[in-house]
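Have a look at the structure below before the remarks.
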Amino acid sequence: MVLGGSGLVGSRVVDLWTDDAELIAPTHAELDILDDEALTAFLAQSKAPVVVNLAAWADVDGAEPERANRNGRVYALNARYPARLATLCGELGKYLVHVSTDYVFDGVNVDRAYRETDPTGPLCWYAETKLEGEQGVLATGAQACVARIEMPFSAQPHPKQDLARLCLARLRRSEPMVGVIDQRITPVFLDDAVRALGRISEARFTGTMHVAAAGWTTPYLFIRAIAARMGLSTDLVAAETFADFAPKRAARRPQHSWLDVSCFAQHFGPDVLRAPEAELDAWAQQVRAT
Ligand SMILES: NC(=O)c1ccc[n+]([C@@H]2O[C@H](COP(=O)([O-])OP(=O)(O)OC[C@H]3O[C@@H](n4cnc5c(N)ncnc54)[C@H](OP(=O)(O)O)[C@@H]3O)[C@@H](O)[C@H]2O)c1
């Protein structure tokens, strides 16, 4: 069962898994996950042994107006609902993969990427609520994995634009782009992330797992790499510092929100999550083919 199957991440999960598994992916209109009675009934009548949760409030800046509001929609979706979902999955003997984010970290680590066991330190309301959601899921004791993904980018069209497709669209129109130079990030090609979620689900891995690129880049290098691969001018890409970028956003963001994926590699091998260069090669090949 895929919840949030119309979203940026969920829609690719549905695309890539449809041929291999019997999928149930109710739309928001079919199931409002905040309607507890409906959620309980939907899960109870389904035989799906695995639930993958992509339903969330994922607008980082748009969450700020609800800061500290535990009666708000952001809190309900990101903090309260995941724990309820995990409780139901536990009661019904279903395995849950709950997707979370690198933003649970404070981003001060410049020497090494964040490991699953590192202390968290959310900087904005979105991140605080996502962290509470993670903790709520794990506290239920259900058979569940919290999979933290970072900056998924896709070659497929979707109403919500990720950084790669936003860059591509702008650079194709010869519009300038600005990329941060002093920020370590591990953006994951969405297809790789979906494969990783598949491996986690098959293995019924429990606990927290990072799902990101196997190596870091910066937004500036990432955008230039896109331009270069697509035969567009890298001169359109200007550099800016994190100190200049950060105040322009409503939500405070972690500077170095890079994730260490060695735990994933230990469990599932080194071939699923790739280095940024290899991911971008695969992404560019798919963009050219679509
Ligand atoms: N995108 C990123 O850059 C990023 C980075 C790190 C982590 N993540 C995490 O990845 C997960 C998926 O993110 P995303 O970018 O795919 O989000 P998204 O595109 O905003 O999708 C959210 C999904 O949740 C559904 N939803 C929201 N409220 C609902 C409700 N009350 N009942 C039923 N469905 C509801 C939406 O359906 P409708 O649209 O029909 O309402 C949509 O399918 C989230 O947990 C997010 O925190 C995302």
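None of these values were measured; they are calculated from a predicted model. We number each residue from 1, following the sequence as shown. Whatever order the structure lists ligands and atoms in, that order sets their numbers, starting from 1.
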Numbered atoms of ligand 1 (with element) below 4.0 Å of [X], judged on heavy atoms:
X      : result
Asp32  : 30 (C), 31 (N), 32 (N)
Lys160 : 1 (N), 14 (P), 15 (O), 17 (O), 18 (P), 19 (O), 20 (O)
Leu31  : 32 (N), 33 (C)
Leu8   : 1 (N), 15 (O), 16 (O), 19 (O)
Tyr126 : 7 (C), 8 (N), 46 (C), 47 (O)
Arg73  : 31 (N)
Gly7   : 16 (O), 18 (P), 19 (O), 21 (O), 42 (C), 43 (O)

In terms of side-chain geometry, is the basic nitrogen of [X] or [Y] positioned less than 4.0 Å from the acidic oxygen of its partner?
X      : Y      : value
Asp118 : Arg112 : yes
Arg12  : Asp15  : yes
Arg70  : Glu132 : yes
Glu64  : Arg252 : no

Could you check [atom] against the protein and tell me its nearest heavy-atom contact, residue, atom and distance included?
atom                    : result
atom 6 (C) of ligand 1  : Ile149 O, 3.3 Å
atom 10 (O) of ligand 1 : Val99 CG1, 3.5 Å
atom 29 (C) of ligand 1 : His28 CE1, 3.4 Å
atom 12 (C) of ligand 1 : Leu54 O, 3.4 Å
atom 28 (N) of ligand 1 : Leu77 CD2, 3.6 Å
atom 4 (C) of ligand 1  : Pro152 CD, 3.6 Å
atom 24 (O) of ligand 1 : Ala55 CA, 3.3 Å
atom 39 (O) of ligand 1 : Ser6 OG, 3.7 Å

Could you tell me if any non-hydrogen atom of [X] lies under 4.0 Å from any atom of ligand 1?
X      : value
Gln161 : no
Trp57  : no
Pro26  : no

Nitrogen or oxygen of [X] less than 3.5 angstrom from that of ligand 1:
X     : value
Gly4  : yes
Val9  : yes
Ile33 : yes

* **Shortest non-hydrogen contact from Leu171 toward Ala227** =>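 Scanning both residues completely, I find the closest heavy atoms to be CD1-CB, 3.8 Å.
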* Asked: Any donor and acceptor pair, going by atom type alone, linking the side chain of Glu150 with main-chain N or O of Asp102 inside 3.5 Å?
  ->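 No, the answer is negative, given that no donor and acceptor are paired below the 3.5 Å cut-off.
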* Donor-acceptor contact present, side-chain His98 to main-chain Ala144, <3.5 Å ->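 Side chain of His98 to backbone of Ala144: no pair is present.
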* To do: Would you please test Glu116 and Arg148 for salt bridge (Lys or Arg N to Asp or Glu O under 4.0 Å) and show each step?
  => CA-CA 9 Å; Glu116 287 82 353; Arg148 293 184 183 136; over 6 Å; no
* For Lys47, look at atom NZ and say whether over 12 heavy atoms of other residues, nucleotides or ligands are found less than 6.0 Å away. =>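 No.
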* For the ring pair His267 and Phe205, is the centre-to-centre distance below 6.0 Å? ->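 Between His267 and Phe205, the centre distance is under 6.0 Å.
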* Run down the list Ser100, Ala58, Ala56 and name the one with the heavy atom closest to atom 22 (C) of ligand 1. =>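 Answer by nearest heavy atom: Ala56.
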* For the residue pair Trp125 and Tyr75, does the interplanar ring angle fall in the parallel (under 30°), tilted (30 to 60°) or perpendicular (over 60°) class? ->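 Trp125 and Tyr75: parallel rings.
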* Asked: What part of Tyr81, side chain, backbone, both or neither, has a heavy atom within less than 4.0 angstrom of ligand 1?
  ->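 Contact part for Tyr81 vs ligand 1: neither.
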* Side chain, backbone, both or neither: which part of Lys130 comes within less than 4.0 Å of ligand 1 when only heavy atoms are counted? ->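 Side chain only; the backbone of Lys130 stays clear of ligand 1.
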Quiz question: by atom type and distance under 3.5 Å, do the side chains of [X] and [Y] form a donor-acceptor pair?
X      : Y      : result
Gln156 : Asp191 : no
Gln183 : Thr218 : no
Tyr81  : Asn53  : yes

